[in-house]
**Student:** 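Quick one: structure below, then a few questions.
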Amino acid sequence: KKKLKISGRELLSVPVQVFGLDQLQVLEMSPERESCLRYRMELLPQEIGHLRNLTCLYVDSNNLKKIPTEIGTLSHLERLTLSNNSLSSLPAEMGSLQRLHSLHLANNNFTELPAPLCQLKSLTFLDVSDNKIDTIPSSIRHLEKLETLLLLFNSLESLPEDICLLRNLHTLWLGNNHLRCLPAAFGELVNLDWGYNYCSCNFEGNPLESPPPEVCSRGPEGIRDYFSSLCRI
């Protein structure tokens with residue numbers, strides 16, 4: 001793959017020449033400790049749209065406040081890392097990235113799951129942990145290929161029933177939210193990693209009441225039995 005990694009102690013901005021490399025497939029613009037980059041992008045340049053062959057774009061650990069609409073022209077993009085920035089929204093055009101399978105948005109300023117994300121039908125990995133998200137839209141059900149969903153350290157008080165339709169989920173981390181109850185069909189997520197430590201790791205930091213933590217620790221069968229018994233009462 002044709003790859004470019006931008007680094008350098010004295011670099012103050014992204015050289016404009018970068019956006020003329022139209023055959024580029026992998027672009028890394030994430031400041032690293034060892035290179036002590038002095039620049040922190042607040043806006044991803046709109047010229048990013050010129051790099052039509054990009055498959056991987058790494059721009060985490062900057063100070064991005066906005067993503068340009070031109071991001072939607074990167075139709076070959078498969079992996080996008082935007083963690084550790086200052087984003088609170090994403091452009092609607094991101095919904096057209098139909099090859100995107102891995103999206104990292106941890107440690108930003110989102111208060112809701114951006115609507116365009118629920119149009120990304122190829123997504124298998126989504127990390128939106130460490131934000132301020134308080135609701136998940138029912139349209140999450142459209143992410144049928146999703147295998148990993150990381151929602152730790154947000155402000156979730158509930159989950160939509162539709163999240164239980166994501167039958168390919170292997171990893172669903174919900175720790176350190178405000179969840180008091182789980183959807184009644186949560187036990188249908190039989191492909192989750194219901195290992196021995198699942199409950200303590202995953203639900204820790206939530207005031208769960210229905211079902212209580214000791215029921216969750218029994219895995220999907222225990223959760224199904226719990227909700228079935230409620231229906232019989």
**Student:** Quick check for you: to the nearest 0.5 Å, what is the distance between Ser102 atom OG and Leu120 atom CG?
**Tutor:** 11.5 Å
**Student:** Are any of the side-chain heavy atoms of Ile136 and Leu156 separated by less than 4.5 Å?
**Tutor:** yes
**Student:** Would Asn108 and Asn131 satisfy side-chain hydrogen bond (donor to acceptor under 3.5 Å, both in side chains), going step by step from the backbone distance to the final call?
**Tutor:** CA-CA 5 Å; Asn108 276 284; Asn131 279 282; 4.9 Å; no
**Student:** Return yes if some donor-acceptor pair links the side-chain N/O of Asp225 with the main-chain N/O of Ile223 below 3.5 Å, else return no.
**Tutor:** no
**Student:** Name all residues meeting the ring-ring contact (aromatic ring centres under 6.0 Å, His included) criterion together with His142; count only those two or more places apart in sequence or in a different chain, and write none if there are none.
**Tutor:** none
**Student:** With no hydrogens and no angle check, do the side chains of Asn109 and Lys132 hold a donor and an acceptor under 3.5 Å apart?
**Tutor:** yes
**Student:** Verify side-chain contact (heavy atoms from CB on, under 4.5 Å) between Leu100 and Leu123, making sure each step is shown before the conclusion.
**Tutor:** CA-CA 6 Å; Leu100 196 68; Leu123 213 57; 4.3 Å; yes
**Student:** Calculate, to the nearest 0.5 Å, the distance between atoms CG and NE2 belonging to Asn191 and His170 respectively.
**Tutor:** 5.5 Å
**Student:** Indicate whether any N or O donor in one side chain lies under 3.5 Å from an N or O acceptor in the other, for Asp60 and Thr81.
**Tutor:** yes
**Student:** Roughly how far, to the nearest 0.5 Å, is CG of Leu172 from CG of Leu149?
**Tutor:** 5.5 Å
**Student:** Are side-chain heavy atoms of Thr148 and Leu126 found at a separation under 4.5 Å?
**Tutor:** no
**Student:** Quick one: does Leu90's side chain get under 4.5 Å of Leu117's, heavy atoms only?
**Tutor:** yes
**Student:** Please name all residues satisfying salt bridge (charged side-chain N to carboxylate O under 4.0 Å, His left out) with Asp162, sequence neighbours left out, ordered by chain then number.
**Tutor:** Arg141
**Student:** At their closest point, which heavy atom of Leu179 faces which heavy atom of Asn206, and how far apart are they?
**Tutor:** N-OD1, 3.0 Å
**Student:** Would you name the heavy atoms of Leu113 and Ile133 that are closest together and state the gap between them?
**Tutor:** N-CG2, 4.0 Å
**Student:** Under the side-chain contact (heavy atoms from CB on, under 4.5 Å) rule, what do Arg52 and Thr73 come out as? Steps first, then yes or no, please.
**Tutor:** CA-CA 7 Å; Arg52 299 289 177 90; Thr73 65; 3.6 Å; yes
**Student:** Please identify each residue that fulfils salt bridge (charged side-chain N to carboxylate O under 4.0 Å, His left out) with Lys66, with sequence neighbours left out.
**Tutor:** none
**Student:** How far apart are the closest heavy atoms of Phe227 and Ser210, and which atoms are they?
**Tutor:** CE2-OG, 4.0 Å
**Student:** Taking side chain as C-beta onward, heavy atoms only, is Ile48 less than 4.5 Å from Leu74?
**Tutor:** yes
**Student:** If you look only at pairs with a residue in residues 102-121, which of them pass as a salt bridge (Lys or Arg N to Asp or Glu O under 4.0 Å), with sequence neighbours excluded?
**Tutor:** none
**Student:** Would you say that Leu151 contacts Val128 through its side chain, given a criterion of any heavy-atom pair below 4.5 Å between the two side chains?
**Tutor:** yes
**Student:** Going by salt bridge (Lys or Arg N to Asp or Glu O under 4.0 Å), name the pairs with one or both residues in residues 41-50, residues two or more places apart or in two chains.
**Tutor:** Glu42-Lys65
**Student:** Only counting residues at least two apart or in another chain, list the ones meeting side-chain hydrogen bond (donor to acceptor under 3.5 Å, both in side chains) with Thr55.
**Tutor:** Lys1
**Student:** List the steps and the verdict of side-chain contact (heavy atoms from CB on, under 4.5 Å) for Leu169 and Leu146.
**Tutor:** CA-CA 6 Å; Leu169 272 183; Leu146 203 60; 4.2 Å; yes
**Student:** Are Leu21 and Val59 in one and the same hydrophobic cluster, where Ile, Leu, Val, Met, Phe, Trp and Tyr link if side-chain heavy atoms are under 4.5 Å apart?
**Tutor:** yes
**Student:** If the condition is ring-ring contact (aromatic ring centres under 6.0 Å, His included), which residues does Phe125 pass it with, not counting sequence neighbours?
**Tutor:** His104
**Student:** Is the backbone of Glu70 close enough, under 3.5 Å, to the side chain of Gln46 for a donor and an acceptor to pair up by distance?
**Tutor:** no
**Student:** Could I get the full list of side chain to side chain contact (heavy atoms under 4.5 Å, CB included) partners for Pro116, not counting sequence neighbours?
**Tutor:** Met94, Pro114
**Student:** Considering all heavy atoms of both residues, which atom of Asn62 and which atom of Ser30 are nearest to each other, and what is their separation?
**Tutor:** ND2-CA, 4.3 Å
**Student:** Would you compute the distance between atom CH2 of Trp173 and atom CG of Asp127 and round it to the nearest 0.5 angstrom?
**Tutor:** 12.5 Å
**Student:** I'd like to know if Arg167 pairs up with Glu144 as an ion pair, taking the criterion as any Lys NZ or Arg NE/NH1/NH2 lying under 4.0 Å from an Asp or Glu carboxylate oxygen.
**Tutor:** no
**Student:** Are Tyr58 and Leu51 connected into the same hydrophobic cluster when the rule is that any two of I, L, V, M, F, W, Y join if their side-chain heavy atoms are below 4.5 Å apart?
**Tutor:** no
**Student:** To check you understand the geometry: which heavy-atom pair defines the closest contact between Ser229 and Tyr226, and what is its length?
**Tutor:** OG-O, 2.6 Å
**Student:** Ignoring hydrogens and geometry beyond distance, is a side-chain donor-acceptor pair present between His76 and Arg99 at under 3.5 Å?
**Tutor:** yes
**Student:** Please lay out, stage by stage, how Leu152 and Asn177 fare under the test side-chain contact (heavy atoms from CB on, under 4.5 Å).
**Tutor:** CA-CA 7 Å; Leu152 301 86; Asn177 278 281; 5.6 Å; no
**Student:** May I have the step-by-step check of side-chain hydrogen bond (donor to acceptor under 3.5 Å, both in side chains) for Arg79 and His101, ending in yes or no?
**Tutor:** CA-CA 6 Å; Arg79 182 180 176 89; His101 59 72; over 6 Å; no
**Student:** Looking at residues at least two apart in the chain, or sitting in another chain, which of them share a side chain to side chain contact (heavy atoms under 4.5 Å, CB included) with Ser155?
**Tutor:** Asp134, His178
**Student:** Let me confirm one number: the SG-CD1 distance from Cys118 to Ile140, rounded to the nearest 0.5 Å.
**Tutor:** 5.0 Å
**Student:** Should Ile71 and Ile6 be counted in the same cluster of Ile, Leu, Val, Met, Phe, Trp and Tyr side chains packed under 4.5 Å apart?
**Tutor:** yes
**Student:** Considering only residues two or more places apart or on different chains, which pairs with a residue in residues 86-96 satisfy side-chain hydrogen bond (donor to acceptor under 3.5 Å, both in side chains)?
**Tutor:** Asn63-Ser86
**Student:** Do the side chains of Leu43 and Leu64 get nearer than 4.5 Å, heavy atoms only?
**Tutor:** no
**Student:** Are Leu165 and Leu159 connected in a single hydrophobic cluster, I mean Ile/Leu/Val/Met/Phe/Trp/Tyr linked by side-chain heavy atoms less than 4.5 Å apart?
**Tutor:** no
**Student:** Glu209: what forms a side chain to side chain contact (heavy atoms under 4.5 Å, CB included) with it, not counting sequence neighbours?
**Tutor:** Arg180
**Student:** If you define the side chain from C-beta out and look only at heavy atoms, does anything of Val26 sit under 4.5 Å from Leu54?
**Tutor:** no
**Student:** Considering non-hydrogen atoms only, spot the tightest contact between Ser138 and Pro160 and give its length.
**Tutor:** CA-CB, 4.3 Å
**Student:** With a 4.5 Å limit on heavy-atom distance, are the side chains of Met29 and Leu57 in contact?
**Tutor:** yes
**Student:** The criterion is side chain to side chain contact (heavy atoms under 4.5 Å, CB included); which residues satisfy it with Asn176, sequence neighbours excluded?
**Tutor:** Phe153
